[in-house]
Engineer: 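Here you go, one structure.
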Amino acid sequence: MTATDDARTCIIFDFETTGLSPAQGDRSIEIGAVRIEGGVPVARFQSLMDPGVPVSPFIEEYTGISNAMLDEAEPCEVVMERFALFAGEANLVAHNASFDRRFLEAEYARIDRQPGGSLACSLLAARRLCPTAPNHRLGTLVEHLDLPSDGTFHRALADAEMTSALWLRLLDLLAERGPRDVTFSDMVRLCQTNKADLNKLVDQLCHA
DNA sequence: TGCCAGGCCCTCTTTAGGGCCTT
């Protein structure tokens, strides 16, 4: 998939991991992703991956991914090569992207790859565009915005599916405020804009 | 043994502290 600046054409992805920090030795155990083109889901990617170390009882309980399941999975390096082919140079979206970015870069570094496209964060965008939500956890936003969900949480593809629905809803909320669709670059810029400048930016994005 | 991240964002701020998010 090649890069485009259409905000509705990108790859929304999510990692499940052994913990919070690859710098502390944590590894990925599952990746899920949804490719959308023009706002329509056209392809999906999901794979468990064997990190080579046992996961804690907490993570088994939190994700439902057991050590027995991971024993039968392909190594991280093999799965990440397949994901890299799936993602290509596409722009990427994740919920709390600073977290997924660290794991993506760490796993890619092990196979001498780097992310191809830009990365936007649905959590930062939602904080700006849904300020009245009770909080900005993915599950809360799904409920608050009445987004589709099969009730599965903390599995990579299910979370990526919900994040893709959230991303498209955020773009719709912006579209309601102006005559033009925003670009992916606009959304990256929005994520970097503070509260004081937000209304001015949204006005610029929607009416430029 | 004990502890463990990091970026964003608000405020009783900026010479800082703490909650929110992700697993």
Side-chain angles (χ1 to χ4, degrees), chain A residues 10-34 45-70 73 76 79-80 83 92-110 115 118-145 147 149 152-167 169-170 187-202:
Chain A
C10 55
I11 286 176
I12 298 96
F13 75 106
D14 181 70
F15 277 113
E16 304 304 318
T17 71
T18 64
L20 293 173
S21 173
Q24 298 294 316
D26 290 317
R27 297 294 305 272
S28 304
I29 59 174
E30 187 180 44
I31 185 168
V34 180
F45 185 100
Q46 180 181 33
S47 183
L48 293 170
M49 53 183 121
D50 181 5
V53 295
V55 300
S56 67
F58 171 79
I59 292 296
E60 286 191 306
E61 173 70 22
Y62 187 79
T63 65
I65 298 170
S66 68
N67 283 295
M69 293 163 68
L70 295 175
C76 293
V79 173
M80 292 308 298
F83 177 75
L92 301 165
V93 175
H95 198 68
N96 198 13
S98 66
F99 172 85
D100 291 282
R101 177 202 299 270
R102 289 196 294 276
F103 281 92
L104 182 65
E105 291 179 344
E107 296 297 347
Y108 266 181
R110 290 172 177 270
S118 299
L119 180 60
C121 178
S122 58
L123 184 150
L124 295 181
R127 277 182 178 161
R128 287 153 176 77
L129 298 172
C130 305
T132 61
N135 59 59
H136 297 88
R137 294 174 202 154
L138 180 58
T140 301
L141 289 166
V142 166
E143 184 174 356
H144 181 71
L145 296 170
L147 300 173
S149 167
T152 303
F153 292 91
H154 308 307
R155 288 300 300 267
L157 182 58
D159 285 2
E161 296 273 16
M162 291 185 286
T163 303
S164 68
L166 169 62
W167 180 250
R169 178 64 58 83
L170 295 175
M187 292 301 287
V188 172
R189 192 172 154 209
L190 182 139
C191 292
Q192 298 167 340
T193 300
N194 63 34
K195 191 175 179 180
D197 295 331
L198 183 62
N199 284 337
K200 186 167 63 178
L201 174 68
V202 170

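Values reported hereafter were calculated over all heavy atoms of this structure, with side chains retained and with hydrogens, waters and symmetry mates removed. Below, chain A is the first sequence line, B the second, and so on; all start at residue 1.
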Engineer: Base, sugar-phosphate alone, or nothing: which one does Phe103(A) contact when heavy atoms must sit under 4.0 Å apart?
Structural biologist: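 Result for Phe103(A) = nothing.
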Engineer: By nearest atom, which of the nucleotides dC21(B), dG6(B), dT23(B) is closest to the Glu16(A) side chain?
Structural biologist: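 Side chain of Glu16(A) sits closest to dT23(B).
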Engineer: Using a 4.0 Å heavy-atom cut-off across all strands, classify Leu138(A) as base, sugar-phosphate, or nothing.
Structural biologist: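 Sugar-phosphate, backbone atoms only, no base.
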Engineer: For Leu123(A), report the nucleic acid contact type (base, sugar-phosphate, nothing); a contact means any heavy atom under 4.0 Å.
Structural biologist: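 Since only primed, P, OP1 and OP2 atoms lie under 4.0 Å of Leu123(A), the category is sugar-phosphate.
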Engineer: Taking only the side-chain heavy atoms of Gln24(A) (C-beta and beyond), determine which of dC4(B), dC21(B), dT23(B) contains the nearest atom.
Structural biologist: dC4(B)
Engineer: In whole Å, what is the span from the CZ atom of Phe15(A) to the C1' atom of dT23(B)?
Structural biologist: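 Going from CZ in Phe15(A) over to C1' in dT23(B) covers 12 Å.
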Engineer: Is a donor from one side chain sitting under 3.5 angstrom from an acceptor on the other, for Thr18(A) and Asp26(A)?
Structural biologist: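 Short answer, yes.
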Engineer: Is Asp100(A) touching bases, backbone alone, or none of the nucleic acid, heavy atoms closer than 4.0 Å?
Structural biologist: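 Since no nucleic acid heavy atom lies under 4.0 Å of Asp100(A), the category is nothing.
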Engineer: Atom CG of Leu198(A) and atom P of dC8(B): how far apart are they, to the nearest Å?
Structural biologist: 16 Å
Engineer: Verify, without hydrogens or angle tests, whether Glu107(A) (side chain) and Met80(A) (backbone) share a donor-acceptor contact under 3.5 angstrom.
Structural biologist: no
Engineer: What nucleic acid atoms does Arg101(A) come within less than 4.0 Å of, heavy atoms only: base, sugar-phosphate, or nothing?
Structural biologist: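 Here Arg101(A) touches no strand at all.
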Engineer: Does one side chain, of Thr63(A) or His154(A), offer a donor that lies under 3.5 Å from an acceptor on the other?
Structural biologist: no
Engineer: Which whole number of Å gives the distance between the P atom of dC8(B) and that of dC4(B)?
Structural biologist: 22 Å
Engineer: Counting side-chain heavy atoms from C-beta on, which of dC9(B), dG6(B), dT23(B) comes nearest to Arg127(A)?
Structural biologist: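 Selected nucleotide (nearest to the side chain): dC9(B).
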Engineer: Whole Å only: how far is the CG atom of Leu141(A) from the P atom of dC20(B)?
Structural biologist: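 Rounded to whole Å, this separation is 15 Å.
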Engineer: Considering only atom C1', compute the distance from dG18(B) to dT13(B) and round it to an integer number of Å.
Structural biologist: 12 Å
Engineer: Assign each of Asn96(A) and Ala23(A) to its nearest nucleotide of DNA chain B by heavy atoms, then name whichever residue's nucleotide is nearer the 5' end.
Structural biologist: Ala23(A)
Engineer: Whole angstrom is fine here: how far is it from CG in Asp26(A) over to P in dA5(B)?
Structural biologist: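 Distance check: Asp26(A) CG to dA5(B) P gives 10 Å.
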Engineer: Base, sugar-phosphate, or nothing for Asn135(A), non-hydrogen atoms under 4.0 angstrom?
Structural biologist: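 If one applies the 4.0 Å heavy-atom cut-off, Asn135(A) turns out to touch the sugar-phosphate alone, with no base involved.
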Engineer: Distance check needed: dC20(B) C1' versus His95(A) NE2, whole Å only.
Structural biologist: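 My rounded result for the distance is 11 Å.
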Engineer: Compare the minimum distances between each of dC9(B), dT22(B), dT23(B) and the side chain of Leu124(A), then state the nucleotide with the smallest one.
Structural biologist: dC9(B)
Engineer: Rounding to an integer number of Å, can you tell me how far Phe153(A) CZ sits from dT23(B) P?
Structural biologist: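 That distance rounds to 11 Å.
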Engineer: Look at the side chain of Arg137(A) and decide which nucleotide, out of dT22(B), dG6(B), dC9(B), has an atom nearest to it.
Structural biologist: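 Minimum distance to the Arg137(A) side chain belongs to dT22(B).
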Engineer: CD of Glu105(A): more than 12 outside heavy atoms within 6.0 angstrom?
Structural biologist: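 More than 12 heavy atoms, drawn from other residues, nucleotides or ligands, come within 6.0 Å of this atom.
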Engineer: Say we look at dT14(B) and dT1(B): how far apart would their C1' atoms be, to the nearest angstrom?
Structural biologist: 38 Å
Engineer: Measuring only the C1' atom in each nucleotide, how far is dC12(B) from dA16(B)? A whole number of Å is fine.
Structural biologist: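 Result for the C1' pair: 11 Å, nearest Å.
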Engineer: Given salt bridge (Lys or Arg N to Asp or Glu O under 4.0 Å), test Arg155(A) with Glu16(A) step by step and report yes or no.
Structural biologist: CA-CA 7 Å; Arg155(A) 288 300 300 267; Glu16(A) 304 304 318; over 6 Å; no
Engineer: So, is His136(A) close to the dC21(B) phosphate, meaning a side-chain N or O under 4.0 Å from OP1 or OP2?
Structural biologist: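 Answer is yes, contact under 4.0 Å.
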Engineer: Mind calculating the distance between CD (Gln192(A)) and C1' (dC8(B)) to the nearest angstrom?
Structural biologist: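 Computing the Gln192(A):CD to dC8(B):C1' distance gives 12 Å.
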Engineer: Nearest whole angstrom, please: distance from the C1' of dC4(B) to the CZ of Arg102(A).
Structural biologist: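 Atom CZ in Arg102(A) sits about 13 Å away from atom C1' in dC4(B).
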Engineer: Can you tell me if Arg169(A) uses its side chain to pair, donor with acceptor, with the backbone of Leu145(A) under 3.5 Å?
Structural biologist: yes
Engineer: For Thr193(A) and for Phe58(A), locate the closest nucleotide of DNA chain B by heavy-atom distance; then report the residue assigned to the nucleotide nearer the 5' terminus.
Structural biologist: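 On the 5' side of the pair lies Thr193(A).
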